[in-house]
Amino acid sequence: MIDLLVAGGGPTGLAAAINAALAGMEAVVVEPRPAPVDKACGEGLMPAGVAALRALGVEVTGRPLRGIRYLDARRQADAPFRHGPGLGVRRTRLHAALAERAAEVGVKIVHGRVEGVRQRPGFVEAAGMRARWLVAADGLHSPLRRALGLEIPPGRAPRRYGLRRHFQVAPWTDFVEVHWAARGEAYVTPVADGLVGVAVLSRERRPYEEHLAQFPALLSRLAGPAATSVRGAGPLRQRARARVAGRVLLAGDAAGYVDALTGEGVSLGLLSARALVGCLRAGRPEAYEGAWRRLSLRHRLLTGALLAARRHPLPAGLIVPAARRLPVVFTAAVNALA
């Protein structure tokens with residue numbers, strides 16, 4: 001019998017499988033898409049995420065990131081990382097490195113899709129296999145989360161969406177730049193020599209070019225040709241009633257997602273995957289709920305506060321000025337997430 005069956009072969013699912021294999025468990029990943037898998041993503045790893053990759057034995061190249069920079073039409077505020085650099089890396093490169101490491105440690109990756117789960121005493125049945133535990137790492141709109149009755153319907157908060165594209169230009173910064181405008185944000189992440197990713201987030205569903213037009217200073221820097229097509233994601237906010245349902249545990253975006261506003265989604269997924277396997281090894285799967293809540297607490301509080309401010313024009317316009325006038329507070333907040 002398999003020890004750990006993982007539904008979804010994204011970064012979190014692969015990290016869970018690698019952690020399990022390193023702990024002496026047999027892990028199988030079920031993923032419908034061929035590797036490497038691309039998706040709309042800011043592609044910036046916080047220092048904690050870089051450390052988590054290192055602990056897995058994953059080596060991936062990208063562009064070192066020195067911190068986070070907020071900008072509006074007139075001001076900027078910098079928050080350097082205090083505990084080592086982050087990393088800007090193409091999603092496809094990150095996925096390929098994780099898949100390669102998974103193969104090295106004996107993780108089996110099966111082409112397919114987990115569409116249903118039967119829970120039995122002592123094991124689960126899914127995708128024609130039996131396993132002691134199932135990790136649902138099947139993404140933002142997780143079918144397994146919904147099938148298990150763990151999905152909380154969307155509330156009345158405005159829905160937000162993301163779009164991302166890459167441009168062939170030399171990176172002009174070693175910070176992740178967050179450009180603020182009245183109707184959205186643009187995230188600039190250097191991911192390679194001569195390549196930057198630009199993601200936009202907004203409540204408005206419009207073409208990518210119309211979103212970029214809100215940021216003339218940024219647009220003037222993107223003189224190189226577009227290197228990739230536009231990819232989208234959303235609605236971003238997803239909520240779950242719990243992360244544990246019998247022998248099924250939710251991880252990554254499937255476990256719940258606030259927003260991409262503060263940019264630590266991949267790092268949080270890597271850390272929670274490690275915590276999940278640690279709880280299974282300790283024979284305390286129920287402890288994963290508390291571990292996930294502790295790991296994600298700062299993210300949920302700070303991202304929620306920024307989103308609340310974002311909904312109203314006056315406080316939204318004060319975010320960058322406040323970060324500039326209170327650099328110690330801004331840097332402390334960024335490093336609390338990093």
Side-chain angles (χ1 to χ4, degrees), residues 1-39 41 43 45-62 86-87 89-112 114 124 126-127 129 131-139 142 144 243-244 247-255 264-285 287-288 291-292 295-296:
M1 185 186 298
I2 299 163
D3 293 308
L4 192 69
L5 182 62
V6 182
T12 300
L14 288 171
I18 294 168
N19 274 293
L22 292 174
M25 302 167 68
E26 182 183 2
V28 175
V29 175
V30 180
E31 168 58 49
R33 301 161 295 180
V37 177
D38 200 4
K39 64 172 283 188
C41 174
E43 300 182 316
L45 279 171
M46 292 290 200
V50 176
L53 285 178
R54 192 178 303 121
L56 290 173
V58 175
E59 296 184 8
V60 61
T61 58
L87 184 70
V89 57
R90 277 289 280 120
R91 177 73 175 217
T92 48
R93 181 169 289 182
L94 173 63
H95 190 269
L98 282 161
E100 180 180 350
R101 180 58 174 157
E104 287 175 356
V105 298
V107 173
K108 183 179 180 181
I109 300 178
V110 175
H111 179 76
V114 177
V124 297
M129 291 175 273
R132 290 182 174 84
W133 304 99
L134 172 70
V135 173
D138 52 344
S142 166
L144 287 176
R243 264 46 55 181
V244 181
R247 290 185 166 269
V248 181
L249 300 91
L250 306 186
D253 294 350
E264 70 276 19
V266 173
S267 295
L268 182 58
L270 296 174
L271 294 170
S272 62
R274 182 169 63 192
L276 184 156
V277 173
C279 292
L280 294 183
R281 286 187 65 198
R284 299 183 62 237
Y288 172 60
W292 181 89
L295 283 170
S296 65

Legend entry - Spatial distance of atom CZ (R274) from atom CG (L22) [nearest 0.5 Å]: 11.5 Å

Legend entry - Check: V135 and V277 side chains under 4.5 Å, non-hydrogen atoms: no

Legend entry - Residue pairs passing the side-chain hydrogen bond (donor to acceptor under 3.5 Å, both in side chains) test where at least one lies in residues 12-35, sequence neighbours excluded: E31-R33

Inset, instruction - Can you spot which of L4, V248, L250 makes a side-chain contact (heavy atoms from CB on, under 4.5 Å) with L134? - result: V248

Inset, instruction - Looking only at non-hydrogen atoms, find the nearest pair between L249 and R247 and report the distance. - result: CD1-O, 4.1 Å

Inset, instruction - Write down the atom of L45, the atom of V89, and the distance for their closest heavy-atom approach. - result: CD1-CG1, 4.1 Å

Inset, instruction - Mind checking side-chain hydrogen bond (donor to acceptor under 3.5 Å, both in side chains) for E104 and listing every partner two or more places apart, or none if nothing turns up? - result: R101

Legend entry - Check against side chain to side chain contact (heavy atoms under 4.5 Å, CB included), M46 and L271: CA-CA 11 Å; M46 292 290 200; L271 294 170; over 6 Å; no

Inset, instruction - Could you tell me whether a side-chain N or O of D3 sits under 3.5 Å from a main-chain N or O of A20, the two making a donor and an acceptor? - result: no

Legend entry - Which residues share a side chain to side chain contact (heavy atoms under 4.5 Å, CB included) with A35, sequence neighbours left out: H95

Inset, instruction - Test D138 against V114 for side chain to side chain contact (heavy atoms under 4.5 Å, CB included), laying out the working first. - result: CA-CA 9 Å; D138 52 344; V114 177; over 6 Å; no

Legend entry - Spatial distance of atom CZ (R243) from atom OG (S296) [nearest 0.5 Å]: 7.0 Å

Inset, instruction - Check A99 against L14 and note the closest heavy-atom contact, atom names and distance. - result: N-CD1, 3.8 Å

Legend entry - Distance in Å, M25 CE paired with L280 CG, rounded so as to fall on 0.5 Å steps: 5.5 Å

Inset, instruction - Check whether any side-chain N or O of S142 sits under 3.5 Å from a backbone N or O of G139 as a donor-acceptor pair, and report yes or no. - result: no

Inset, instruction - Please confirm whether the backbone N or O of E43 pairs with a side-chain atom of R91, one donor and one acceptor, at under 3.5 Å? - result: no

Legend entry - Closest contact, heavy atoms only, S272 versus Y288: O-CE1, 3.7 Å

Legend entry - Least distance between heavy atoms, A273 atom then A16 atom: CB-N, 3.6 Å

Legend entry - Candidate pair L87 and V60, rule side chain to side chain contact (heavy atoms under 4.5 Å, CB included), full reasoning: CA-CA 9 Å; L87 184 70; V60 61; 3.9 Å; yes

Inset, instruction - Indicate the atoms forming the closest heavy-atom contact of I2 with L5, along with that distance. - result: CG2-N, 4.1 Å

Legend entry - Test log, rule side chain to side chain contact (heavy atoms under 4.5 Å, CB included), inputs V30 and M129: CA-CA 10 Å; V30 180; M129 291 175 273; 3.7 Å; yes

